[in-house]
**Q** 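Below: one structure in structure tokens.
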Amino acid sequence: MVANYDEVMKLALERGFYFPSCEIYSDAPAGFWEYGPRGVNMKNKFIELWRRELVRRDGMLEIDGCQIMSKSVFVASGHIGNFTDPVVKCTKCGSSFRADRYITEKTGENVLERMAEQEIKALMKKHNLRCPNCNGEFGEVSKFNMMFSVGIGPAAEEAYLRPETCQTIFVDFARVFKTMRGRLPLGIAQVGKSFRNEIAPRQSLLRLREFYQAEIEVFCNPDRLNEMPEFKEVKNTILRLSDGSSIIEVTAEEAISKGLTPNKLITYYLALLVEFYDKTGIDVKRSRFRNLSVDEKAFYASVAFDFEVETSIGWLELVACNYRSDYDLKGHAITSKQNFEVLDSATQSKVLPHVFELSMGIDRSIYAILEHCYYEDKQHDDRVVLRLKPYLAPILVGILPLMTKDGLDQKARQINSELKYDFETFYDESGSIGRRYRRLEEIGTPFAVTVDKTTMQDDTVTIRYRDTMQQERINISDLNQYLHKALGRR
RNA sequence: GCGACGGUCGUCCAGUUUGGUCUAGGACAUCAGAUUGCCAAUCUGGUAACCCGGGUUCAAAUCCCGGCCGUCGCACCA
């Protein structure tokens, strides 16, 4: 049973995972969505898992930077120059086209990325290009920048909302490296919001104008990309590599020996990423690393693998893994006139670090997890079950009195107040017990504790498992430890 | 951004063709009470919607214009 987009969407709206922003107003713009109570819980737990399995596992440093950044940052990063598309609009029917691609397609003539609007216009005139839809005349060539600009202070000084979180990491690199006594290779990580003025935002969390990223920038010495002692931890991890059509399954070790991945450093992080996603509950057998072709890659990337997951609406990119070389540090060094070279203690040489990044889309990941965990149980009246991992479930345990008589409800409340400081609990006494179980499993709650008459005699409760619907009896005093164990804590 | 289609309780839908008991109906969900007491039970009662703005008309959920949003296709996607 594979869930589809509509079912996930319905669940999200009905049960408070996410919903459109500003929906009570008719001028609410597209591409903005908010997380409701269940979604926030799940998102926070996803981020905590990311910290555990990537940041802490690899000894990375995490920072939390500003969302508004000065214009110079984006001059240096190339976003002011490159994060724009030349667009041309038909004066007759209003259709718009990417001017550069259209010219190349029709004439074979190469259009340079940095070509000015007038030059592009001249080229179109020279070849007498007209609208392919209605043969109408094209208007002016304009450049559309995907960054949101903001005006700072009374003089409205030009600045931008960051289009990717990683620029903060590059800008802060020198200070963090020095003050944290960094050694190469060093991962610096950040979770936060980024903003892109998408032309056509669509499909709720999948293409947003304001979205969450979890980014990791690994700073490394380009001459030592195969010196990676930690690699042995992941050498047997299966990587599914693809050129966009077929998928090859190899171990991390084989990927290198067969030349499918360029070096140990990159391969190590790709493997960590798969291990992380496996723990989110996403079916990694339905994932792949797609090796991007030259024209698909971002302007800063020299090697790029997209981590993609198969969903009901096709392959979905969750993480962009880019080898950015020294593109960013070099850009910031030139623009800021600062020196970003560091001493690599292993070689006792000064080096301008290269960067390999794992740029993760959190919102898309949340969607993919929901879809992969959505399950309709045909055996039991098509009950809807979100089979979330306990450590990602918005509610870990429901606490239910079998009935609200004979003090069962007081007892249940008491158990709830003992557990609620350590776990996400939910007390519910309304309606039939079966209905309450169904409501809990629909939002992915893995456990339900039920207080019945036996509880009043011997202080035991039943604990019910979401996936099997089986119950067992345990002592109230063992609940705390039991739940800790279920979360994988020690 | 272009085109096609659409937008009614939390969700899904009926009602629009032919403007008039529509004071907007149903199902599911939800809330309260009763009953039951371990898997969406039953009964009773309740909350809750015509996307926004303008126009036509005695009268607009219904017709017209504009906007916004959604789905799909094209284009775009660091």
Side-chain angles (χ1 to χ4, degrees), chain A residues 5-7 9-16 19-32 36 74 77-79 81-90 92-99 101-102 131-134 136 142 144-147 162-167 194-204 206-209 211 213 296-301 304 306 313 317 320 322 324 357 359 361 377 379-384 400-406 408 430-442 448 450-454 461-462 464 466 469-471:
Chain A
Y5 177 82
D6 291 336
E7 287 166 326
M9 196 64 224
K10 184 180 177 194
L11 181 69
L13 287 172
E14 282 185 333
R15 298 298 176 207
F19 46 85
S21 179
C22 308
E23 59 178 339
I24 62 167
Y25 290 105
S26 64
D27 63 347
F32 297 91
F74 303 108
S77 72
H79 284 90
N82 291 321
F83 211 52
T84 53
D85 301 324
V87 174
V88 70
K89 199 169 174 176
C90 170
K92 199 169 149 196
C93 73
S95 306
S96 53
F97 302 89
R98 268 287 289 272
R101 295 200 179 177
Y102 190 62
C131 175
N133 293 350
C134 69
S142 57
F144 177 70
N145 194 301
M146 304 248 298
M147 285 193 293
R162 59 184 179 189
E164 51 182 13
T165 55
C166 61
Q167 289 308 322
S194 291
F195 305 82
R196 290 179 201 171
N197 199 358
E198 293 284 352
I199 296 169
R202 249 173 228 194
Q203 287 169 317
S204 60
L206 305 188
R207 209 195 256 139
L208 295 163
R209 285 181 165 139
F211 57 102
Q213 290 186 302
E296 283 180 305
K297 283 187 289 205
F299 59 85
Y300 47 68
D306 274 357
I313 47 173
E317 177 196 339
N322 297 308
R324 299 175 74 123
E357 85 171 348
S359 172
D377 186 354
Q379 248 63 56
H380 299 96
D381 312 312
D382 297 341
R383 68 180 185 131
V384 171
L400 322 170
L402 188 60
M403 51 190 168
T404 52
K405 282 197 301 215
D406 305 332
L408 298 192
S430 77
S432 75
I433 190 75
R435 181 181 287 272
R436 282 178 275 161
Y437 288 146
R438 296 290 162 95
R439 270 199 294 248
L440 284 169
E441 57 205 19
E442 196 179 5
T450 307
V451 172
D452 57 17
K453 281 178 179 159
T454 314
V461 289
T462 62
R464 173 189 183 270
R466 174 192 68 199
M469 298 171 70
Q470 300 292 308
Q471 285 177 294

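Here the structure is a predicted model, which is why all the values come from computation and not from measurement. By convention in this document, chain letters (A, B, ...) are assigned in the order of the sequence lines, proteins followed by strands, and residues within each chain are numbered from 1.
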**Q** Between A:Glu198 and A:Glu441, which has a closest nucleotide on RNA chain B that is more 5'?
**A** A:Glu441
**Q** Using the salt bridge (charged side-chain N to carboxylate O under 4.0 Å, His left out) criterion, which residues pair with A:Asp406? Sequence neighbours excluded.
**A** none
**Q** Taking all non-hydrogen atoms of both residues, which atom of A:Ala28 and which atom of A:Cys22 are closest, and how far apart?
**A** CB-O, 3.2 Å
**Q** Is a side-chain N or O of A:Ser359 found less than 3.5 angstrom from the main chain of A:Ala320, in a donor-acceptor match?
**A** no
**Q** Under the side chain to side chain contact (heavy atoms under 4.5 Å, CB included) test, which residues partner A:Glu442, sequence neighbours left out?
**A** A:Leu11, A:Arg15, A:Val384
**Q** Once you round it to whole Å, what is the distance between P of B:G10 and CD1 of A:Ile24?
**A** 13 Å
**Q** Can you list the residues that meet the salt bridge (charged side-chain N to carboxylate O under 4.0 Å, His left out) rule with A:Arg464, with sequence neighbours excluded?
**A** A:Glu441
**Q** Any chance you could measure A:Arg324, atom CZ, to A:Cys166, atom SG, to the nearest 0.5 Å?
**A** 4.0 Å
**Q** If you measure from the C1' atom in B:U17 to the same atom in B:C76, how many Å do you get, rounded?
**A** 39 Å
**Q** Could you work out the separation of B:C51 and B:C69 based on their C1' atoms and round it to a whole Å?
**A** 8 Å
**Q** How far, in whole Å, is B:A14 from B:C2 if one measures between their C1' atoms?
**A** 34 Å
**Q** Rounded to the nearest 0.5 Å, how far apart are CZ of A:Arg209 and CD1 of A:Ile199?
**A** 9.0 Å
**Q** Return the value, rounded to whole Å, for the distance between atom CE of A:Met403 and atom P of B:A34.
**A** 15 Å
**Q** Please report, rounded to the nearest Å, how far the C1' atom of B:A27 is from the NZ atom of A:Lys10.
**A** 11 Å
**Q** What does A:Lys453 touch in the nucleic acid at a heavy-atom separation under 4.0 angstrom: a base, only the sugar-phosphate, or nothing?
**A** nothing
**Q** Name the stems with RNA chain B in them: runs of three or more consecutive Watson-Crick or G-U pairs, distances under 3.5 Å?
**A** B:1-7 with B:68-74, B:10-13 with B:25-28, B:30-34 with B:42-46, B:51-55 with B:63-67
**Q** Taking CG from A:Asp381 and P from B:A40, how many angstroms apart are they, rounded to a whole number?
**A** 6 Å
**Q** Which pair of non-hydrogen atoms, one from A:Pro163 and one from A:Phe211, has the smallest distance, and what is that distance?
**A** O-CZ, 4.2 Å
**Q** Using 0.5 Å steps for rounding, measure from the CZ atom of A:Phe195 to the CD atom of A:Glu164.
**A** 13.5 Å
**Q** In whole angstroms, how far is the C1' atom of B:A40 from the CZ atom of A:Arg438?
**A** 6 Å
**Q** Within this structure, what is the CG-to-P distance between A:Leu13 and B:U11, rounded to whole angstrom?
**A** 6 Å
**Q** Keeping the roles fixed (side chain from A:Gln213, backbone from A:Thr165), state whether a donor-acceptor pair exists under 3.5 Å.
**A** yes
**Q** Using the P atom on both, measure B:U18 against B:C74 and round to a whole Å.
**A** 35 Å
**Q** Side-chain contact test, heavy atoms from C-beta onward, threshold under 4.5 Å: evaluate it for A:Arg436 versus A:Pro401 and give yes or no.
**A** yes
**Q** What's A:Ile433 touching, base or sugar-phosphate or nothing? Going by heavy atoms closer than 4.0 Å.
**A** sugar-phosphate
**Q** Between the protein and nucleotides 28-31 of chain B, are there any N/O to N/O pairs under 3.5 Å, and if so, what are the atom names and distances?
**A**
| from | atom 1 | to | atom 2 | distance (Å) |
| --- | --- | --- | --- | --- |
| B:U30 | OP1 | A:Arg439 | NH1 | 2.4 |
| B:U30 | OP2 | A:Arg435 | NH1 | 2.5 |

**Q** Specify the separation, in whole Å, of atom CD of A:Gln470 and atom P of B:C38.
**A** 17 Å
**Q** When rounded to the nearest 0.5 angstrom, what is the spacing between NE2 in A:His79 and CE in A:Met147?
**A** 6.5 Å
**Q** Nucleotide by nucleotide, 5' to 3', does protein get under 4.0 Å of the base (B), only the sugar-phosphate (S), or neither (-) in nucleotides 67-72 of chain B, counting heavy atoms?
**A** -SSSSB
**Q** Roughly how far apart, to the nearest Å, are B:G25 and B:G20 at atom P?
**A** 16 Å
**Q** If I pick the C1' atom on B:U30 and the same atom on B:C9, what distance separates them, to the nearest angstrom?
**A** 11 Å
**Q** Would you indicate what A:Ser359 reaches in the nucleic acid, counting non-hydrogen atoms under 4.0 angstrom: base, sugar-phosphate, or nothing?
**A** nothing
**Q** Within the structure, does a side-chain N or O atom of A:Thr450 lie under 4.0 Å from either OP1 or OP2 of B:C38?
**A** no
**Q** Please state whether the base of B:C39 and the side chain of A:Arg383 form at least one donor-acceptor pair under 3.5 Å?
**A** no
**Q** When rounded to the nearest Å, what value does the distance between C1' atoms of B:C28 and B:C64 take?
**A** 36 Å
**Q** Roughly, in whole Å, what's the span from CZ in A:Arg466 to P in B:A40?
**A** 19 Å
**Q** Could you tell me how far B:U8 sits from B:A49 if I compare only their P atoms? Round to whole Å.
**A** 14 Å
**Q** So, taking the atom named CZ in A:Arg162 and the one named CZ in A:Phe74, what distance separates them when rounded to the nearest 0.5 Å?
**A** 8.5 Å
